[in-house]
Amino acid sequence: MVNEDPNQQDHDGTPSQTSALQEHPNFSVHPSVSMHPSVSAHPSVSIHPSVSAHPSVSIHPSVSVYPSISAHPSTLAQPSGLIQPSSSGPEELSVIKVSKRRWAVVLVFSCYSMCNAFQWIQYGSINNIFMNFYGVSAFAIDWLSMCYMLTYIPLLLPVAWLLEKFGLRTIALTGSALNCLGAWVKLGSLKPHLFPVTVLGQVICSVAQVFILGMPSRIASVWFGANEVSTACSIAVFGNQLGIAIGFLVPPVLVPNVKDQDKLAYHISIMFYIIAGVATLLFILVIIVFKEKPKHPPSRAQSLSYALASTDASYLSSIIRLFKNLNFVLLVITYGLNAGAFYALSTLLTRMVIFHYPGEEVNAGRIGLTIVLAGMLGAVISGIWLDRTKTYKETTLVVYIMTLVGMVVYTNTLNLGHLWVVFITAGAMGFFMTGYLPLGFEFAVELTYPESEGMSSGLLNVSAQVFGIIFTISQGQIIDNYGTMPGNIFLCVFLTLGAVLTAFIKADLRRQDANKEIPETKPQDGEEEEDSKSSKAPTTVQEEHF
């Protein structure tokens with residue numbers, strides 16, 4: 001027990017309260033460590049049983065620790081490491097506020113993510129038309145989709161490093177700029193012999209995607225309050241799904257299947273000009289709207305994350321810690337299986353529908369639209385549900401099982417000869433399959449807090465790209481040789497495996513624990529009016545190093 005004089009005064013003259021610091025056998029303090037006499041311990045401060053102080057760990061004098069925060073094992077300083085304070089001032093870190101700008105930021109991001117996703121699927125949704133125009137095989141057109149998946153894998157770590165080094169604004173500018181550049185490059189590929197140019201444009205857009213896919217959970221954490229993060233992440237993912245939906249709907253309408261090459265080139269040019277103009281406008285909006293971060297942290301967990309920021313953060317050590325987290329490893333695998341199945345279905349959907357319903361390219365696009373729109377609805381509902389209930393494990397498991405059920409039903413109804421049945425079953429499958437994507441992002445942040453959201457999301461996306469390439473190539477070959485039924489059964493088997501593995505994930509909600517462990521206090525009068533919600537963090541408890 002640590003006893004202090006009850007009459008001792010704080011810096012502001014308020015009498016300090018008697019400490020109730022609890023001792024535990026696993027908590028050890030080096031003999032040379034002494035408590036400064038001016039330190040006052042709050043009654044609710046306790047040390048987590050699993051936390052032990054390393055003999056060589058020193059605490060920087062200016063680091064402040066909020067009352068009743070239990071240090072999580074993943075936040076332990078390494079031997080001879082030094083925890084540094086955030087660059088934000090103490091007053092800025094002690095004020096919990098959300099900015100009105102946060103909605104503009106997430107909406108602009110959602111829009112340029114939508115534009116990039118449209119460019120991913122615009123070839124696959126009318127693959128037979130582009131095959132005829134460029135005179136290439138179906139496999140070559142499939143690679144225009146798979147290059148998005150392939151590019152992401154080697155570029156994840158460099159982009160994750162850039163995100164931590166330069167922040168959200170720089171990454172947003174780079175991603176939107178590359179997306180705009182790729183769209184304009186494609187305008188130089190309007191001749192049948194210029195297929196390599198359209199490949200170049202698509203590769204540039206695929207690089208832009210690396211600067212986009214890992215952003216939703218990071219934007220949600222940096223800009224949104226504890227009761228909004230899941231909804232905000234869903235909105236950010238919503239844009240990507242909307243882009244895929246438009247990518248299924250618009251190309252079959254803008255580019256009809258005509259034989260005349262000049263007319264076909266004209267229709268393709270209209271689509272390319274429209275998307276290039278939209279991408280340019282969104283790049284300008286990013287320059288105007290996007291800021292690095294709000295003045296004050298929007299949640300207690302984010303405030304603590306700033307306070308615990310380490311100057312010697314290593315991406316290799318971060319990855320090692322993440323892969324030592326068994327729950328996160330299981331989530332990486334299950335997320336990859338689900339998202340990979342979605343990528344394969346999106347890429348091969350037109351081929352599957354035309355296989356059973358020849359000449360129905362437009363309806364194939366509409367079925368894809370139905371899948372994604374239903375998934376967007378599922379994503380928003382899931383985000384709101386998570387913010388209200390915090391039942392991450394249960395919701396993820398239920399959605400995964402329903403994804404499997406939807407896939408089985410879709411597989412058995414695709415060849416019945418009734419398109420309206422396919423619309424219904426594909427929509428039901430999409431509601432859960434696409435709706436699962438933001439769930440995975442948010443669950444990963446909960447399991448890995450306070451590790452970088454960009455790193456956890458990035459590893460999920462790498463898994464999705466790897467499985468997406470494997471599933472797309474494998475299912476494509478199965479469809480060509482054996483038909484659509486065996487190809488879809490192939491995906492059902494892996495979704496079953498994913499559902500089983502999801503059941504073994506433990507709901508270790510670290511970010512929620514961090515938010516709950518700091519008592520909420522009323523905001524001070526006279527705060528800025530530009531931010532709508534605020535709360536004042538409690539008086540800090542400081543430890544000094546001798």
Visitor: Working to the nearest 0.5 Å, report the span between CZ of F328 and CD1 of I333.
Guide: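 Answer for the CZ-CD1 pair, F328 versus I333, is 10.5 Å.
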Visitor: Hey, are the side chains of M215 and S113 touching, using non-hydrogen atoms and a 4.5 Å cut-off?
Guide: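 No, their side chains stay 4.5 Å or more apart.
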Visitor: For G247, does its backbone N or O pair with a side-chain atom of S125 as donor and acceptor, under 3.5 Å?
Guide: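 Checking the backbone N and O of G247 against the side chain of S125, a donor-acceptor pair under 3.5 Å is found.
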Visitor: Determine, step by step, whether S206 and V203 satisfy the side-chain contact (heavy atoms from CB on, under 4.5 Å) criterion, reporting the C-alpha distance in whole Å, the side-chain angles of both residues, the deciding distance to 0.1 Å, and the verdict.
Guide: CA-CA 5 Å; S206 71; V203 168; 4.1 Å; yes
Visitor: Passes side-chain contact (heavy atoms from CB on, under 4.5 Å), I505 versus L447? Steps please.
Guide: CA-CA 10 Å; I505 301 175; L447 294 175; 4.1 Å; yes
Visitor: Within the side chain of S346, is there an N or O that forms a donor-acceptor pair under 3.5 Å with the backbone of F342?
Guide: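 Yes, S346 side chain to F342 backbone: donor-acceptor pair under 3.5 Å.
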Visitor: Less than 4.5 Å apart, side chain to side chain, heavy atoms only: is that true for I371 and L349?
Guide: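 Touching, per the 4.5 Å side-chain cut-off.
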Visitor: From L162 CG over to L157 CG, what is the distance, rounded to the nearest 0.5 angstrom?
Guide: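 The distance works out to 11.0 Å.
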Visitor: Kindly indicate, with the supporting measurements, whether the criterion side-chain contact (heavy atoms from CB on, under 4.5 Å) is fulfilled by N488 and M407.
Guide: CA-CA 8 Å; N488 286 327; M407 184 68 197; 3.5 Å; yes
Visitor: Taking the ring centre of each residue, are Y436 and Y400 less than 6.0 Å apart?
Guide: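 Centroid separation for Y436 and Y400: below 6.0 Å.
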Visitor: Exactly one of I275, I212, L282 should register a side-chain contact (heavy atoms from CB on, under 4.5 Å) with N116. Which one does?
Guide: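 Per the side-chain contact (heavy atoms from CB on, under 4.5 Å) rule, the option paired with N116 is I212, out of I275, I212, L282.
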Visitor: Taking salt bridge (Lys or Arg N to Asp or Glu O under 4.0 Å) as the test, write out the residues that go with R351, two or more places apart.
Guide: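 Scan of R351 (salt bridge (Lys or Arg N to Asp or Glu O under 4.0 Å), adjacent residues dropped) gives D142, D480.
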Visitor: To the nearest 0.5 Å, what is the distance between CE (M429) and OG1 (T434)?
Guide: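 Result: 7.5 Å between the selected atoms.
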Visitor: Looking at every heavy atom in both Q202 and Y123, which two are closest together, and how far apart are they?
Guide: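 Between these two residues, the closest heavy atoms are OE1-CE1, 3.5 Å.
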Visitor: Can you name the nearest heavy-atom pair linking L213 to N240, along with the distance?
Guide: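 Closest pair (atom of L213, atom of N240, distance): CD2-ND2, 3.9 Å.
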Visitor: Return the OG to CD1 distance between S110 and I235, rounded to the nearest 0.5 Å.
Guide: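 It is 8.0 Å, given to the nearest 0.5 Å.
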Visitor: Quick one: does T334's side chain have a donor or acceptor within less than 3.5 Å of a partner on L331's backbone?
Guide: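 Yes.
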Visitor: Please report the closest heavy-atom contact between G336 and S463, naming both atoms and the distance.
Guide: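 Minimum heavy-atom contact is CA-OG, 3.2 Å.
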Visitor: Check the orientation of W120 and Y343. Use parallel for under 30°, tilted for 30 to 60°, and perpendicular for over 60°.
Guide: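 Ring orientation, 0 to 90° scale: perpendicular.
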Visitor: Testing the basics here: between G124 and T350, what is the closest heavy-atom pair and its distance to 0.1 Å?
Guide: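 Residues G124 and T350, closest heavy atoms: O-OG1, 3.5 Å.
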Visitor: Counting neighbours of CH2 on W385 that are heavy atoms of other residues, nucleotides or ligands and sit closer than 6.0 Å, is the number greater than 12?
Guide: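 Atom CH2 in W385 is not packed in, count stays at 12 or less.
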Visitor: Is the ring pair F471/F467 parallel, tilted or perpendicular, if the boundaries are 30 and 60 degrees?
Guide: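 Taking F467 first and then F471, their aromatic rings sit tilted (interplane angle of 30° to 60°).
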Visitor: Please round to the nearest 0.5 Å and tell me the distance separating atom CG of N327 and atom NZ of K393.
Guide: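 Going from CG on N327 over to NZ on K393, the span is 8.5 Å.
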Visitor: In terms of ring plane angle, is the pair W420 and H418 parallel, tilted or perpendicular, where the classes change at 30° and 60°?
Guide: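 Judged by the thresholds at 30° and 60°, the geometry between W420 and H418 is tilted.
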Visitor: Does the side chain of Q209 pick up a donor-acceptor pair with the side chain of Y148 at under 3.5 Å?
Guide: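 No - no donor-acceptor pair under 3.5 Å links their side chains.
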Visitor: What's the spacing between M149 CE and T472 OG1 if we round to 0.5 Å?
Guide: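 With rounding to 0.5 Å, CE (M149) is 4.0 Å from OG1 (T472).
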Visitor: So does N461 get a backbone contact from the side chain of Q465, meaning a donor-acceptor N/O pair under 3.5 Å?
Guide: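 Checking the backbone N and O of N461 against the side chain of Q465, a donor-acceptor pair under 3.5 Å is found.
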Visitor: Can you give me the closest heavy-atom contact between G365 and P252, atom names plus distance?
Guide: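 Closest heavy-atom pair between G365 and P252: CA-CG, 4.4 Å.
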Visitor: Testing the 3.5 Å rule here: is there a donor-acceptor pair between the side chains of Y357 and N363?
Guide: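 The criterion, which ignores hydrogens and geometry beyond distance, is not satisfied for N363 and Y357.
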Visitor: What's the verdict on ring pair (Phe, Tyr, Trp, His ring centres under 6.0 Å) for F109 and F290, showing C-alpha distance, side-chain angles and the deciding distance?
Guide: CA-CA 9 Å; F109 168 79; F290 240 87; 7.1 Å; no
Visitor: Can you check side-chain contact (heavy atoms from CB on, under 4.5 Å) on I171 and F166, steps first, answer last?
Guide: CA-CA 7 Å; I171 297 301; F166 298 103; 5.8 Å; no
Visitor: Specify the closest pair of heavy atoms between T151 and V207, including all atoms of both residues, with the distance to one decimal.
Guide: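 That would be CG2-CG2, 3.7 Å.
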